[in-house]
Amino acid sequence: MTPAQPLVELRDITKRFGDVEVLHHVSFQLFAGEVHALVGENGAGKSTLVKILAGVYAPDSGSILLDGEPVILHNPSQAQRLGFAVIHQQPSLFPDLDVAENIYMGRQPLGRFGRVDWGLMYRETNALLQRLDAHFDARTPVRSLSIADQQLIEIAKALSMETRLLVMDEPTAALSAREVEDLFAIVRQLRAQGVAILFISHRFEEIFDIADRVTVLRDGAHILTKPVGELTQAETVSAMVGREMSALFPKQEAAIGSVILEVRGLTRAGEFRDVSFQVRQGEILGFAGLVGAGRTEVARAVFGITQPEAGTILLGGQEVHFSSPTEAMRHRIAYVPEDRYQHGLVREFPIVSNVTLPIWQSLSNWLGIIDQRRERAIATDYYNRLRIRATGIGQLAQSLSGGNQQKVVIAKWLATNPRVLILDEPTRGIDIGAKAEVHRLISQLATEGMAIIMISSELPEVLAMSDRILAMHEGRVTGEFNRNEADQERVMFAAMGQVTDGH
Amino acid sequence: GGTAGGTSGGKLDIAFLPKAINNPYFDSAAGGAKKAADELKGTFKQVGPSQANAADQVPFIQTLTQQQVSAIVVSANDPNALAPALKQAQSKGIKVVSYDSDVAHDARSIFVNQASTEDIGRTEVQVLGAQLNYTGEIAILSAASTATNQNAWIDYMKQELSLPKYSNMKLVKVAYGNDDDQTSYNQTQALVQAYPNLKGIISPTTVGIAAAARYLEANGLSGKIALTGLGTPNGLRKYVKDGTIKQFELWDVGHLGYLAYYAAAALVQGKITGKEGDTFTAGTLGSYTVGKDGEVLLGKPTVFDSANIDQFNF
Amino acid sequence: MDTETTVNTHVTSKASSRGLARMVARVGQIRELGLLAVLGVVVAFVGVQEPRFLALSNIEQILQSIAIIAIVAVGETLVILSRNVDLSVGSIVGLSAFASADLLKGNPSLNLWLVFFFGCLLGAVLGAINGVLISYAGIPSIVVTLGTLNIYRGIDFAIAQGSQVNAYDVPESFLSIAANRILGIPLLIGVAAVIAIVASYLLRFSRQGRQVYAIGSNPDAAEIIGIRKARIVFSTFLLSGLLSGLAGVLWASRFALVDSHAASGLELLVIAAVVVGGVNINGGTGSILGAMLGTIILGTIQSGLEILRFSPFWLQAIYGAAILIAVTLDAVITRRVGRLLTERRLR
Amino acid sequence: MKIVRSALRRLDIWDILLVALLIAILVMGSIQTPYFLNATSFSLMFSNFSEKSIMILAMMLIIIVGEIDLSVASILGLSSAILGFLFAAGWPLWLAMLAALISGGLAGLFNGLLVTRVGLPSLVVTLGTLALFRGAAYIVLGDRGISNYPDAFTQFGYGTIPGTLIPWTFLVFAALTAIIALVLHGSWVGRQLYAIGNNREAARFAGIPVARIKLLLFVVSGLVAALAGIIFTARFSSSRADNAVGFELDVITVVLLGGVNIFGGRGTLLGVLLALCTVGALRSALGLADYPDQVQSIIVGILLIASTLGPNLVRRVQDAILRRRVAPEQTLLQRSTP
Ligand SMILES: Nc1ncnc2c1ncn2[C@@H]1O[C@H](COP(=O)(O)OP(=O)(O)OP(=O)(O)O)[C@@H](O)[C@H]1O
Ligand SMILES: Nc1ncnc2c1ncn2[C@@H]1O[C@H](COP(=O)(O)OP(=O)(O)OP(=O)(O)O)[C@@H](O)[C@H]1O
Ligand SMILES: [Mg+2]
Ligand SMILES: [Mg+2]
């Protein structure tokens, strides 16, 4: 099935950032008409490799061969001209512009006198969007689209080019199961047309579903490349982490106590309506739903970022109103946001200040001077407990890999010693090892008596971790299930909008 | 003030501090002062801020004080703001003379006045009145609304206008062009638009009158709206020749600088103290007497018109 | 001051219909309609009390008085759209005005085209200096242009040395340029209009023009997809300088009296006009048409206040209030529309 | 002591360059003119920066949280006008001063509300209030100038502490500096300011009351500007509507020169103080050597550009030699620029 000549070959690619070498002599080949999965832990160097293929970074040594000829990618447009289409981990879109322009920016079709042919651009875009089964049209401003829709635009962008190599860096992280299916249909189509596809994901179901071959990176080094048929999930995992991995979701049973947080009839126009639920001490309440179901919005309202228009929030039986996160925190509620880059981290601060960010005041004496020794002790404690991988607590947050960033964000909230912890997509974009650690942590916290709300779009995760599951669809609660009565099908059914009576 | 004995060993190290440097008006005055310095074998220098601003003048006074110049000749952007700094200079034995725009009386020994304030204010109105047959609406285009000189002149203009012979003339507005060409130009335009019956404009500032003349000329209003005020012959030559302006006034600015230098020199050399009745000779200009409040008057301003304008070049 | 770049997803559209999307797409145009409405209100308000305000000659006068600002505002719009700011335009106008008038004073027989060429070239060079420091040395534009605001004005002072150029010093033909008419339209207005139309066209129909919006909307993404950000940002500063240089020559011709203070403080007027015109100070949204309307609105308010004979001491305060009201209204309306869309989403 | 040590640790490239520059100016100045290197000269040097120096401190805080206040000079003018108006109307001086301070605080509150409640960019808001507050000063005073303040008041503005050459106004500056040093570099409040400047949303999500802090800073900026207005009035014994026009650019220039990042999140008090000394010494030295104003403004403009360019260049050279870690944007920049 694979032709002798690789379409693209990476030879001995090495990349350093300052004195840290993040890729060491990485070599592997990509063939036309194959889907090649690239896996590895957070910080393994996957995105760095992608950026090298995209012409964003230049390798420090090594070469890239296209059809056997070495090519030097000076800049992104050159990579595009060679037929390399890249979907980056962070969507690189222009919120103020419409969909068509986002797809064709810099390559707009020109009419007479070199003038941008808007009509043609809109027609082509609409054709593309139709092919992707999108529900928005070419003139929609990107600002008004959800993250999933934005990902769709990135895909449309790749499809709009003369693509020989399609590189997708975690394209499914923000997609629902159905959207992933749509995407894979397109990927298969492209494969059939002879496009080489480099696919990055932390989800094994997806990898084993779509990939032909798998390459594993660990700490910047190439570990193996094998056809998917010759690998088991366990083998892949141990290649990634360098050791055997045990159970993925080590949920411990916790003693469930009295109701801490209760929400009654919470409503915010345009976001969610009539949402009611309770969380008890030691309980993990899972929020299932498709992306865009409004779970984040509920969490934001509970945390005081936005204010509900109707309904009440009760904490330990007392009605509370939060006009800001500060007040919610005073009642020992914590919220780990889904967008850690925007909402979770102060990127130019070191890990230590990020971890202690919400508790500075309590670390200070009467003059307001922070006790730096205690601060470091606390940060170091979480650094070790969460197994954050970095050069030390002094490393700047911006230079951490995605998974480690997420751990720092979680550490920050644990440092506030919350009673109620809301986790929004806590394992999105996190590698398998880190994920297991986060799960272990969550269930340990529950045994310590914390009430936990876990929002996740990964159904297996919700099913495995939760004591109780709430399904939401388009801003409404469409089902509630106990741990023993929940199964994939029933929860999915509810999340798709079929109201079921869980009890 | 100014009686403290000092280092007046005959050394003439006199510095001029105008409202702002890079201003043609003050550069003309500096020309006259330089001439006086040559005649007296003294030194002359001119320093100052680039924006006409009292706060920016103070550091220069302090610098000059530290440099121990023998006299400071200053044109004040604000009469009171400079007083503390000037008094300090005086206490170090430095003589202070004001010219063009006065400072608080106790902060200087002598004020060399270009022309009597009352005289300027009243003659402007008289000139315009004669051109308009004493009838019609008029406006004033001034410099900044806080400009000391202009406000003093405008006061006298209003007094003059209150005389019975001006009963058919009406001052409709005082506009402020901030001594900025664009603002003055736009303000002239605004005056013309807001007051369709406007017959005359007085602009007692060199930038203002030039901008007003430019507007009237460019919009075909020459001869329809009379314009007079204070301006430099070079700045207005074109407009006098094309009839936009019939007459305007100005003192000989070079003479002003010349006289101010001589007055400062006389103070430094101990020839006068600045009290009323002191007399001194100012080179080619002849002899001058210190008047009330230490004021020395340069003389009558020159009236320029098409007949004489080509005799002047400043 | 805002450096965030990630796509902000306030408004969602899981259940959006095509009509709704269309409506969102029209928001851009609604902005300009809103500006037109504001302009209409101002004109009507003043016109009712003082019908002379509506006379053609008066309107022409107003347009003339803002034409130079409008030309500079076109350049400033390009710069602001790319999420930068040019504070040095006033100094460039001043330096170009003095230098070209002085050149003509020294060589009265010089071809006038050459004088304009000289002014534009000078402006372009000054703008290019800004552009190099911003694009290729990586210094924030507000820092660079605050610096060159001082430097260019200092050079202006240094070469002027207190002299000024008077009407008498330059040929009549130069002075009459600003007052000339072509096809019945005053030249100044014509030039400003042509520049605005050309710039609008390029912003809408050239790839580079679209890339200006892309850079302002998300500079990092622009770089990742291979837009030559440095080159385009450089070009906007070059153009801003060039237009300021041209404006300087026109300034000299219109006011006929140039000293080293000419056009000082102009940058604030220009930025105010652009911002009132709905151009987002953080880049990415806005149009030349909007900026021109903003310029016209501020000019009209100013002129209206004058013609209604307001005390000069009230002018500045009202002017400031007008700027604040305009931008507040714009923000409130934009937010309302956004909110309306979210509410439509679910029900 | 701890603060001093941590401040010293914070010394970055630009701070070191500023120190070098300052020393160079002091040496050059004393060679060029004999009047430069003495106590009187330093006393006057500060005196001339009486108002700007305190406005610089407040502006630094505002810029660190990623905002800007262009209206400070207009607030100064407005408070000076109100002080003059009320004093001329027969109010006791202390009451008039109080009213001036309050007016400054209210003006700052107005800015702050428009920024935090309406959500407008501060650059735009304060551009508008730059005109509005100055206009208000004209409404209050018109073409009048109020002078003849009591001598003691003028003495406070212009005089020095008896027996020393220390201006009274220096005490105000020193007190404010001490407070800000403690707050900004020692306390959790200061850390919050940096957090806001670096990532406003993350700060808000972490429970930092971003809007309230910003509002407070604008009020502080207004109050400090009003205090500067009182000092200005005292120093020049004069209230006029056009007092201190254009100061805002000088104030911002010094703050940026001190290495404070215009986009917020970075900058130290030490850097700003060094910049203040440098600009003060430079102006004084050039003035005493009779260099005209325009030379000073050209040099300050060049320094401003150098304040970012210098460290950028030094860092690039360092990187090339040491291959030390770089920020992601810079990697891209390095590559995309030949
Ligand atoms: N611009 C940069 N400057 C310094 N270090 C960087 C930079 N970009 C990435 N790194 C470091 O390089 C390593 C690899 O990062 P990369 O983003 O490639 O990881 P990844 O495999 O994509 O991880 P994830 O699965 O979390 O996305 C990480 O340790 C990261 O901290
Ligand atoms: N950070 C944000 N700021 C503003 N709006 C947001 C943000 N995050 C999400 N939204 C908007 O709210 C809508 C619903 O939120 P979201 O898609 O996050 O739903 P959700 O149910 O929380 O799904 P998930 O958590 O799986 O992403 C989104 O489509 C988006 O438009
Ligand atoms: Mg990655
Ligand atoms: Mg969500």
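Numbers restart at 1 for each chain; the letters A, B, ... are given by sequence-line order, proteins then strands.
For D:Ser43 (side chain) and D:Leu165 (main-chain N/O), a donor-acceptor pair under 3.5 Å exists by modelled atom type. Proximity of a side-chain donor or acceptor of D:Thr160 to a complementary backbone N or O of D:Pro167 within less than 3.5 Å is not detected. Distance alone, capped at 3.5 Å, places no donor-acceptor pair between the D:Arg240 side chain and the D:Gly142 backbone. No donor-acceptor pair under 3.5 Å is formed between the side chain of B:Glu124 and the backbone N or O of B:Ile202. B:Ser70 contributes a side-chain N or O that, together with a main-chain N or O of B:Asp13, makes up a donor-acceptor pair within less than 3.5 Å. Side-chain atoms of B:Thr63 come within 3.5 Å of backbone atoms of B:Pro59 as a donor-acceptor pair (strictly under, hydrogens ignored).
Between chain D and the options B:Lys45, B:Gln51, B:Gln46, heavy-atom pairs under 4.5 Å are most frequent for B:Lys45. Ranking B:Asn53, B:Asn151, B:Asp78 against chain D, the residue ahead of the rest is B:Asp78, based on heavy-atom pairs under 4.5 Å. When each of B:Val58, B:Val47, B:Leu82, B:Thr65 is checked for heavy-atom pairs under 4.5 Å with chain D, B:Val58 comes out on top. Annotation: maximal heavy-atom pairing with chain D below 4.5 Å, among B:Val174, B:Asn80, B:Thr146, B:Leu64, occurs at B:Thr146.
For D:Thr154, the part lying under 4.5 angstrom from a heavy atom of chain B is the side chain only. Looking at D:Tyr149, neither its backbone nor its side chain comes within 4.5 Å of chain B, counting heavy atoms on both sides. Interface remark: B:Asn178 contributes no atoms to any contact with chain D (heavy atom separation under 4.5 Å). Neither the backbone nor the side chain of D:Asn243 comes within less than 4.5 Å of any heavy atom in chain B. The parts of B:Ala85 that come within reach of chain D are both its backbone and its side chain, each placing non-hydrogen atoms under 4.5 angstrom from that chain. Residue contact with chain B, scored on non-hydrogen atoms closer than 4.5 Å, involves the backbone and the side chain of D:Ser41 alike. Contacts of D:Phe232 with chain B are made by side-chain atoms alone, with heavy-atom separations under 4.5 Å and no backbone atom involved.
The side-chain contact (heavy atoms from CB on, under 4.5 Å) test with D:Leu286 singles out one residue from D:Ile299, D:Ile25, D:Thr33, and that residue is D:Ile299.
Between D:Phe46 and D:Phe173, the ring planes are tilted. Angles from 30° to 60° get that label.
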